[in-house]
**Student:** 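If you scroll down you'll find the structure; I have some questions about it.
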Amino acid sequence: MIEVQHLYKSFGTVEVLRDINAKFAKGKVSQIIGKSGSGKSVLAKCIIGLYKPTKGKVLYDGKSFHDMEKDEQRQLRQEIGMLFQSNALFDSLTVLENVLFPLRMFATMSEKEMLERAHFCLKRVKIENSDKKFPAEISGGMQKRVGIARAIAMNPKYLFVDEPNSGLDPQTSIVIDDLIREITDEYNTTTVVITHDMNSVMGIADEIFFINDKQLMWQGTRDQLLKSDNEALNAFIFAGSLMREVRKTIT
Amino acid sequence: MDLLFHIGRYFMLMGEVFSKPERLSIYWKRTVEEMDLLGVKSLGIVSLLSLFMGAVITIQTKTNIDSPLIPQYVVGFTARQSTILEFSPTIISLILAGKVGSTIAAEIGSMRVREQIDALDIMGVNSAGYLILPKIIATALINPFLIVISMFLSIFGGWLAGTLTGIISSSSYIQGVQYDFDSYIVVYALIKTVVFAIVIATVSSYQGYYTSGGTREVGISSTKAVVYSDVVILIMNYLLTQMLLL
């Protein structure tokens, strides 16, 4: 479980996050939603330790990440898988080498076992036939899958996914969402997804966290989301025509 | 204040770079790759520059000291001294700062803006060590070879220009090259080369590592890498010369 306690983050004099408190449960898909620029990516970067919070704590199974020694942080990070919005694949490495990368850096197994593991991960995300290609030679959706394969290579306890559907067509988005859901169930990971895609939220979220005006304004399940009378939340989620239809249907 | 901030952050980054590597075998493999990319692939430009610079030094020396009172072999002697003391270690390092420094800053800067460095950090990899240490070791190991090759080619270029134009005989030139040779000047040149190689790799890596923004900023980092590497090389050149030759 990951717990965020009274987290504040400012850049210079600009406050981005104010008193955020949240718990992300094991085996669940927790989605952080909010408008562009609302601070959800900053929150994610504070949680994974790329930014140091101005105040507050991030606890991984009870241990404060930012109070750990550097070596301890690196040790913990080997248990984190992350899919970046830009995929962040190493463009000079092939698809297979990208998945092999964390294994070669940290795994204590033979080269043969590493190859088997990498092929298994690629097969898991249904992209095993593109293993010799470079990231630039495959589509955005395939790159996302490679990113997921790399993220799960080390059997992560925590999975972070930043805007998994950005730049993808609706069909591919569903495939990626399903994959995130399946992997969370399979590996029992604490999965945190940052998104503003309501289709994704309605598809796979167990717990939803709405960030607005620097604060965590609302949290709850999908059912609670549709019935919420929070004005800012409603303005955000019912901005899309599909969601307006969903509301009509349920009311 | 800004300068102090950068100096402080540079040394903090170096602290990260020289912390314990995760897998030595992977670092070594990367070092060999970097030696090829940053060293071997610079051989062409270094050779070309050295040959022509040696030729120019010889012709200019000859035309400027054309006196019956000065022996012919002085041309070869001057070509050797200029080449070993200054031209090969310093001027070639300045050229390499342009070629290698911009490559390093652009590569690391692109990785930064494409979140690849963040990806390394999230995986638990010491991104500074993984990306920068092999470049430092590679340049520190390969640049002395490049400079020694440059020395030979520059002196050879001088001989070629001198004998082909007929301004100096082959024997006089070779006599000058061998005259009063003190091997310490080669040691001095190689010490400078290693220091300059470390300057090029670290200053350029620093510029790339702290790039923020997009492709335009990567370009700015590359330019800064070359300019600041050159400035630091010139300062270090003065300091080392004072320390090692006085």
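Every chain is numbered from 1 and lettered A, B, ... according to where its sequence line falls, protein lines coming before strand lines. This is a predicted model, so every value here is computed, not measured.
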**Student:** Could you tell me which portion of A:Asp91 (side chain, backbone, both or neither) has an atom closer than 4.5 angstrom to a non-hydrogen atom of chain B?
**Tutor:**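 Both the backbone and the side chain of A:Asp91 come within 4.5 Å of chain B.
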**Student:** Quick one: of B:Ser110, B:Ser25, B:Ala119, B:Pro21, who has the most non-hydrogen atom pairs under 4.5 Å with chain A?
**Tutor:**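 Max contact count across the listed options: B:Ala119.
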**Student:** Based on non-hydrogen pairs under 4.5 Å, which of A:Ala88, A:Pro156, A:Ser92 is most in contact with chain B?
**Tutor:** A:Ala88
**Student:** Compare every heavy atom of B:Pro89 with every heavy atom of B:Thr193, then report the nearest pair and how far apart it is.
**Tutor:**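 The pair with the smallest heavy-atom distance is OG1-CB, 3.7 Å.
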**Student:** With a 4.5 angstrom heavy-atom cut-off, which part of B:Ile122 approaches chain A: side chain, backbone, both or neither?
**Tutor:** both
**Student:** Which label fits A:Phe65 and A:Tyr60: parallel for a plane angle under 30°, tilted from 30 to 60°, or perpendicular past 60°?
**Tutor:** tilted
**Student:** Of all the heavy-atom pairs spanning A:Lys144 and A:Leu168, show the shortest one and how long it is.
**Tutor:** CG-CD1, 3.9 Å
**Student:** Is it the backbone or the side chain of A:Phe106 that comes under 4.5 Å from a heavy atom of chain B, or both, or neither?
**Tutor:** both
**Student:** With no hydrogens and no angle check, just 3.5 Å: does a side-chain donor-acceptor pair link B:Ser19 and B:Asn126?
**Tutor:** yes
**Student:** What part of A:Leu89 gets within 4.5 angstrom of chain B, counting heavy atoms only: side chain, backbone, both, or neither?
**Tutor:**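 Just its backbone gets close to chain B.
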**Student:** With a 4.5 angstrom heavy-atom cut-off, is it the side chain or the backbone of A:Leu50 that approaches chain B, or both, or neither?
**Tutor:**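 Answer is side chain: those atoms of A:Leu50 sit under 4.5 Å from chain B.
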**Student:** Can you confirm if the aromatic rings of A:Phe209 and A:Phe24 lie within a centre distance of less than 6.0 Å?
**Tutor:** yes
**Student:** Hey, would you say the A:Phe134 and A:Phe90 ring centroids sit under 6.0 Å apart?
**Tutor:**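 No; A:Phe90 has its ring centre 6.0 Å or more from that of A:Phe134.
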